[in-house]
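To keep things clear, I will list the structure first and then write my remarks on it.
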Amino acid sequence: VVEKSVTVGTPFTIDNRRFYPKEEGYFEEMVTSEGEDGCVKKTIAKITVIPGEIPNAYYVKEKSSGDSTGSSWENAMSREQFTSICGSVPDGTTFFLAEGNYEPRRIYGYSGFYLSSDIRIIGGYPADAKTGAKRTEKTYSTIDASDMGVKSYLFRRMNNGDTLNIYLEGLKMMNVMNAIEATDGSKIEVFDCVFDNAPIVLSKVDSFSISNSEITNISEDSESPFPISIDSAGVISFRHIQFTDIADGLFKPTPYIDKL
């Protein structure tokens, strides 16, 4: 059993899974299944998260408040500011999003959030969040591209050759051609998100991990014929994924899930 203390905001990896402790004083006892039937539980880690300041953190609401610098919930930046800077922030930046709708940016005939660094985006905080606010699971910040009128890749590289190192939590992504576009060398981690008519198409990523999430409303008219399509990846992890409203014939073991 791994026992360790980590500072809030510092990612750590155990059992090929990377975790992002976003709240201080949080204790987590992680378990994994053993045995063919998956019914035997084995504790693999006990983690204590100690207080600390999250570096390069920005707080975002639909409309800005205070001085709009994003330094706190009381001084939250607007969704337009978030969209414009998320491709130019330094590695290790975290964006905390309050509940609301966040529209992607249009560029080069496509819409999306163009990223060029190692960042974390955590949504689902209360719309009127104040300092100390905590996120409740199954509450989301919505990203709906249905009114964009162009092809949409929600999270994608700013420049050809850029890799994505991203952590997504508390987001509901809707009506897009591809929720995440990533290629060689990228590392993608998803926790407690909803993909509603938002297929995931990945190519040759280093790792892809998704847990406690829902993939829903994938029809024959969707841009991708499969809920998740992965060309190849070094490490793939699926844990507690709910598939709902997937058209007949689309949810099958090949080709997108035969390597899991």
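All residue numbers in this chain count up from 1 along the given sequence. Heavy atoms only: backbone and side chains are in, while hydrogens, waters and symmetry mates are out.
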Next on the checklist: With a 4.5 Å cut-off on side-chain heavy atoms, are Thr94 and Tyr58 touching?
Outcome noted: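 Side-chain contact under 4.5 Å: no.
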Check: [Y] main-chain N/O paired with [X] side-chain donor or acceptor under 3.5 Å:
X      : Y      : answer
Ser213 : Cys193 : yes
Thr93  : Pro90  : yes
Thr216 : Thr244 : yes
Thr142 : Asn101 : no
Ser211 : Phe191 : no
Lys61  : Ala129 : yes
Ser141 : Ala98  : yes

What heavy-atom pair brings [X] and [Y] nearest, and what distance separates the two atoms?
X      : Y      : value
Ala133 : Pro126 : CB-CD, 4.4 Å
Val60  : Trp73  : O-CZ3, 3.4 Å
Phe96  : Ile54  : CZ-CD1, 3.6 Å
Ser186 : Leu164 : OG-N, 2.9 Å
Cys86  : Val89  : O-CG2, 3.9 Å
Ala198 : Met173 : CB-O, 3.6 Å

Point-to-point distance, once rounded to the nearest 0.5 Å, from [atom1] of [X] to [atom2] of [Y]:
X      : Y      : atom1 : atom2 : answer
Ile188 : Ser209 : CD1   : OG    : 10.5 Å
Tyr114 : Leu154 : OH    : CG    : 10.5 Å
Tyr59  : Thr69  : OH    : OG1   : 11.0 Å
Ile180 : Ile200 : CD1   : CD1   : 5.0 Å
Ile210 : His240 : CD1   : NE2   : 12.5 Å
Phe195 : Phe243 : CZ    : CZ    : 10.5 Å

Next on the checklist: Under the salt bridge (Lys or Arg N to Asp or Glu O under 4.0 Å) definition, can you give me all pairs with a residue in residues 63-91, not counting sequence neighbours?
Outcome noted: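 Output for this query lists Glu62-Arg79.
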Mind checking whether [X] and [Y] sit in one hydrophobic cluster, side chains of I, L, V, M, F, W, Y counted as touching below 4.5 Å?
X      : Y      : value
Val190 : Leu171 : yes
Met174 : Ile121 : no
Leu115 : Ile143 : yes
Val194 : Tyr125 : no
Ile241 : Tyr140 : no

Checklist entry - Going by atom types alone, do Glu99 and Thr139 pair a side-chain donor with an acceptor below 3.5 Å? => result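 Result is no, nothing qualifies.
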Item to check | Ser78 versus Ser64, side-chain donor and acceptor atoms under 3.5 Å | outcome: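 Ser78 and Ser64 do not have a side-chain donor-acceptor pair below 3.5 Å.
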Next on the checklist: Applying side chain to side chain donor-acceptor pair (under 3.5 Å) to Asp118 and Tyr167, what does each step give before you reach the verdict?
Outcome noted: CA-CA 9 Å; Asp118 180 346; Tyr167 174 90; over 6 Å; no
Item to check | Evaluation steps, side chain to side chain contact (heavy atoms under 4.5 Å, CB included), between Tyr102 and Thr83 | outcome: CA-CA 8 Å; Tyr102 295 82; Thr83 301; 5.9 Å; no
Next on the checklist: So if I apply the side chain to side chain donor-acceptor pair (under 3.5 Å) rule between Asn197 and each of Asp245, Asp144, Asn217, Asn175, which one comes out positive?
Outcome noted: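 The residue from Asp245, Asp144, Asn217, Asn175 that satisfies side chain to side chain donor-acceptor pair (under 3.5 Å) with Asn197 turns out to be Asn175.
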Checklist entry - When you look at Ile85 and Met77, which way does the side chain to side chain contact (heavy atoms under 4.5 Å, CB included) test go after all the steps? => result CA-CA 11 Å; Ile85 73 166; Met77 66 172 56; 3.6 Å; yes
Checklist entry - Going by the angle between their ring planes, with limits at 30° and 60°, are Phe113 and Phe82 parallel, tilted or perpendicular? => result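 Ring orientation, 0 to 90° scale: tilted.
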Item to check | Cationic N near anionic O, under 4.0 Å, Arg135 to Asp192 | outcome: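 Looking at Arg135 and Asp192, the cut-off is met.
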